[in-house]
Every structure is written in C-alpha cells, then in structure tokens.
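Quick notes on the structure that follows.
Here the structure is a predicted model, which means the values were calculated and not measured.
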Amino acid sequence: MEQDTAARRELAGVVVDHLRGLAASGPATGAGLLDIRYAVATDGGLVRPSNQDAVHAGTGLLAVADGFGTRGAPASGAVIDSLRSLVADARTSAGHLLNLLHDAVLAANDAIATLTPSGATDVVAGSTLTAMVWTDRELALVHIGDSRAYLLREGEMFQITHDHTYVQAMVDEGRLTAAEATSHPQRALLLRALDGRSTPVPDVRLHEALPGDRYLLCSDGLSAVLSAEQIHRTTAAAADPETAVARLVALVRDAGAPDNVSCVVADVAPRR
Ligand code: MG
C-alpha cells in the first residue's frame with residue numbers, strides 16, 4: 001500500500017507538472033468560463049448476467065462506478081447518488097471542493113456498508129469510482145479503483161488516473177512489465193476501492209481543463225479490452241462525444257465484451 005501511494009504521488013506530480021506546462025502555454029481560461037458537451041454509454045457486455053456499472057454525465061458531474069460483489073449494482077448506484085448530492089450541495093456551499101469530495105466518498109462508502117449484512121465475511125458490495133466534478137469555481141478529479149480517466153489534448157492521449165490494482169503496483173515496482181500486467185491472472189485484484197469496510201483512500205485533486213480538451217472516463221470493461229492505441233485512435237477520430245462513446249462500445253462488443261462496459265466522453269469548449 002505504501003509503495004502504491006508513493007507511486008501514485010509521483011505520477012500525480014508528473015501529470016500536474018505536465019498539465020501546468022501545457023496550461024502556461026495555452027489560453028488563460030478558468031473552469032468557470034468553460035462549457036462541457038458530453039455523451040455517455042453503458043452496456044452489459046456479452047458475458048456477464050447483469051450490468052453492475054453505473055455511469056452519470058450531467059451538469060457538474062461526469063462519473064463512472066464499477067460495482068462488484070453480489071450487490072455490486074446497488075453499490076455503484078449508491079456511489080453515483082452520493083456524488084450527485086455533492087454536486088447539488090457544492091453550488092451552495094462555501095466549503096472547498098476537495099473537502100466536499102472527500103466527504104462524498106465517505107458517504108458513498110457508508111451507503112455501501114448498509115448493503116452488506118452484518119457478519120458477512122466476503123465482500124458483498126463494492127465499487128470503484130472515477131469522476132470529474134466542477135462548480136463555477138473549480139474542477140476536480142476523484143478516483144479510487146481501476147476505472148480510468150484519460151485526457152486527449154493537442155492530439156496526445158494521457159491516462160490521468162493511476163490504477164489501484166495489484167498488477168499496477170507490481171509494474172510501479174519494476175517487477176512486471178505493462179504488457180505482462182494486461183494478461184496477469186490477478187489483473188482484476190484491486191488494492192483500493194469502496195467496499196463499505198476500510199476507510200477509503202481516494203486520489204483527489206484539482207484539475208485545469210482547457211478549451212479543446214476531450215476527456216474519456218471508462219470502466220475496466222473498456223480499458224482492459226481495447227489497447228491504448230485503439231482507445232486513443234477511436235477517441236481522437238470521433239467528430240463528437242456521441243460518436244466516440246458509440247464507437248468505443250461497439251469496438252468492445254466486437255472484441256467479445258467479457259465485462260460490463262461504460263464510458264463518458266466530454267468535450268470542453270469556451271463558454272459562449
Ligand atoms: Mg468491470
């Protein structure tokens with residue numbers, strides 16, 4: 001866990017430095033001056049008996065939650081509900097967005113705890129969460145688990161979240177290559193998630209969006225099936241978010257869709 005945390009800090013620092021560098025050369029535009037156009041898609045896939053992903057795109061919130069356990073669907077639903085309440089509160093609260101996000105994640109974890117019968121030894125209900133939240137003043141990214149956020153900026157695609165998985169920790173330690181991680185038998189093992197038990201430790205940070213940015217949030221049913229190159233090419237080629245989400249899900253289904261697949265694509269434009 002400590003190594004995972006250290007690696008995460010390092011990566012977050014690199015990403016923040018990179019984004020600062022780009023921001024310094026780009027237009028000085030704050031989140032309050034931006035409009036976001038988005039589209040969302042979720043699909044149960046071709047193998048799983050039900051869809052335990054939950055996804056939301058709306059004013060102030062883009063979010064993907066991937067539920068697991070026998071009550072995974074209500075778990076991911078509860079996570080999205082907690083975030084939606086936060087966004088409603090954030091517009092009227094003087095509190096700092098990052099603190100509000102931490103509170104929302106704790107509330108989500110408490111909601112998941114209520115789905116688990118007392119005395120249960122297995123995880124009955126759990127979920128990942130990857131979300132972008134913005135108010136008129138700030139935009140923030142909150143992330144726990146192995147769902148992902150990507151940024152397409154000036155033709156380059158960056159994964160801006162760090163997977164909280166066993167295999168990613170092994171890669172960070174140099175004990176596994178990224179290629180080996182994609183086929184590792186324990187690639188789905190999460191080091192961090194919302195499970196209603198332990199106090200969750202999400203990655204939470206402010207983010208500077210720029211006009212022209214395109215964001216992709218997705219569950220592992222997309223990122224574990226498509227290659228980084230496919231994700232980049234498909235996201236970049238689409239004329240609009242609706243086309244992007246439709247093509248991404250179609251590609252996953254063509255590849256057999258072994259898991260539930262969900263994605264949100266959002267374009268940032270100057271406010272008119
Ligand atoms: Mg999944």
Hydrophobic clustering (ILVMFWY, side-chain heavy atoms < 4.5 Å, transitive) - are Val64 and Leu248 grouped together? no
Decide whether Leu251 and Ile231 are clustered together by the hydrophobic rule: side chain heavy atoms of Ile, Leu, Val, Met, Phe, Trp, Tyr closer than 4.5 Å, transitively. yes
Taken to the nearest 0.5 Å, the spacing of Thr59 OG1 from Arg84 CZ works out to 10.5 Å
After noting the C-alpha distance and the side-chain angles of Val79 and Thr128, does the key distance pass the side-chain contact (heavy atoms from CB on, under 4.5 Å) rule? CA-CA 9 Å; Val79 171; Thr128 71; over 6 Å; no
Do Ser223 and Asp220 pair up side chain to side chain, a donor and an acceptor below 3.5 Å, judged on atom types alone? no
Here the gap from Leu62 atom CG to Tyr38 atom OH, rounded to the nearest 0.5 Å, amounts to 8.0 Å
Determine the minimum heavy-atom distance between Ala255 and Val225, stating which atoms define it. CB-CG1, 3.6 Å
Min side-chain heavy-atom separation Val252-Asp43 under 4.5 Å: no
The side chain to side chain donor-acceptor pair (under 3.5 Å) partner of Asp163 among Arg192, Arg187, Arg148 is Arg148
Are the side chain of Asp122 and the backbone N or O of Val124 linked by a donor-acceptor pair below 3.5 Å? no
Test side-chain contact (heavy atoms from CB on, under 4.5 Å) on Ile160 and Arg205; report intermediate values, then the result. CA-CA 11 Å; Ile160 57 171; Arg205 61 184 166 81; 4.0 Å; yes
Between Ser127 (side chain) and Ala65 (backbone), is there a donor-acceptor pair under 3.5 Å? no
ILVMFWY cluster, Leu61 and Ile144 together (side-chain gap under 4.5 Å): yes
Is the shortest heavy-atom distance from the side chain of Asp203 to the side chain of Thr161 under 4.5 Å? no
I'd like to check Val249 versus Cys263 (side-chain heavy atoms, cut-off strictly below 4.5 Å). Are they in contact? yes
Between Gln186 and Thr165, is there a donor-acceptor pair closer than 3.5 Å when you use the side chain of the first and the backbone of the second? no
Is any side-chain heavy atom of Glu242 closer than 4.5 Å to one of Arg37? yes
Can you see whether Ser219 engages Asn260 through a side-chain donor-acceptor pair at a distance of less than 3.5 angstrom? no
Salt bridge (charged side-chain N to carboxylate O under 4.0 Å, His left out) assessment of Glu180 paired with Arg175: CA-CA 10 Å; Glu180 286 166 344; Arg175 294 162 63 191; over 6 Å; no
Minimal heavy-atom distance between Val133 and Val87, with the atoms involved, is CG1-CG2, 3.8 Å
Is there a donor-acceptor pair closer than 3.5 Å between any side-chain N or O of Asn109 and the backbone N or O of Asp195? yes
Minimum heavy-atom separation for Thr234 and Gln230, please, with both atom names. OG1-O, 2.7 Å
If you define the side chain from C-beta out and look only at heavy atoms, does anything of Trp134 sit under 4.5 Å from Leu97? no
So, do Ser262 and Leu222 sit near enough that their side-chain heavy atoms are less than 4.5 Å apart? no
Nearest heavy-atom contact between Leu46 and Gly256 is CB-O, 3.5 Å
If you compare all heavy atoms of Pro241 against all heavy atoms of Val265, which two are closest, and at what distance to 0.1 Å? CB-O, 3.4 Å
In Å, rounded to the nearest 0.5 Å, how long is the span from OG of Ser147 to CG of Leu190? 8.5 Å
Is there a side-chain contact between Leu83 and Leu101, using heavy atoms and a 4.5 Å cut-off? yes
Is Leu210 close to Glu154 at the side-chain level, that is, under 4.5 Å between some pair of heavy atoms? no
Looking at every heavy atom in both Val264 and His56, which two are closest together, and how far apart are they? CG2-O, 4.1 Å
Find the distance between CG (Asp103) and CG (Leu100) and round it off to the nearest 0.5 Å. 6.5 Å
Dump the intermediate steps for side-chain contact (heavy atoms from CB on, under 4.5 Å) on Arg153 and Val268, then the final yes or no. CA-CA 10 Å; Arg153 179 176 281 176; Val268 178; over 6 Å; no
Is it the case that the side chain of Arg214 and the backbone of Thr235 share a donor-acceptor pair, with hydrogens and angles ignored and the cut-off at 3.5 Å? yes
Quick one: CG on Leu139 to OH on Tyr215, what's the gap to the nearest 0.5 Å? 6.5 Å
Check the hydrophobic clustering (I, L, V, M, F, W, Y; side-chain heavy atoms under 4.5 Å; chains of links allowed) and say if Leu151 and Leu216 are grouped together. no
Check each of His207, His164, His162 against His143 using the ring pair (Phe, Tyr, Trp, His ring centres under 6.0 Å) test, and report the only one that passes. His164
If hydrophobic clusters are built from ILVMFWY residues whose side chains come within less than 4.5 Å, do Leu189 and Leu176 share one? yes
Rounded to the nearest 0.5 angstrom, the CG-OH distance for Asp146 and Tyr166 is 15.5 Å
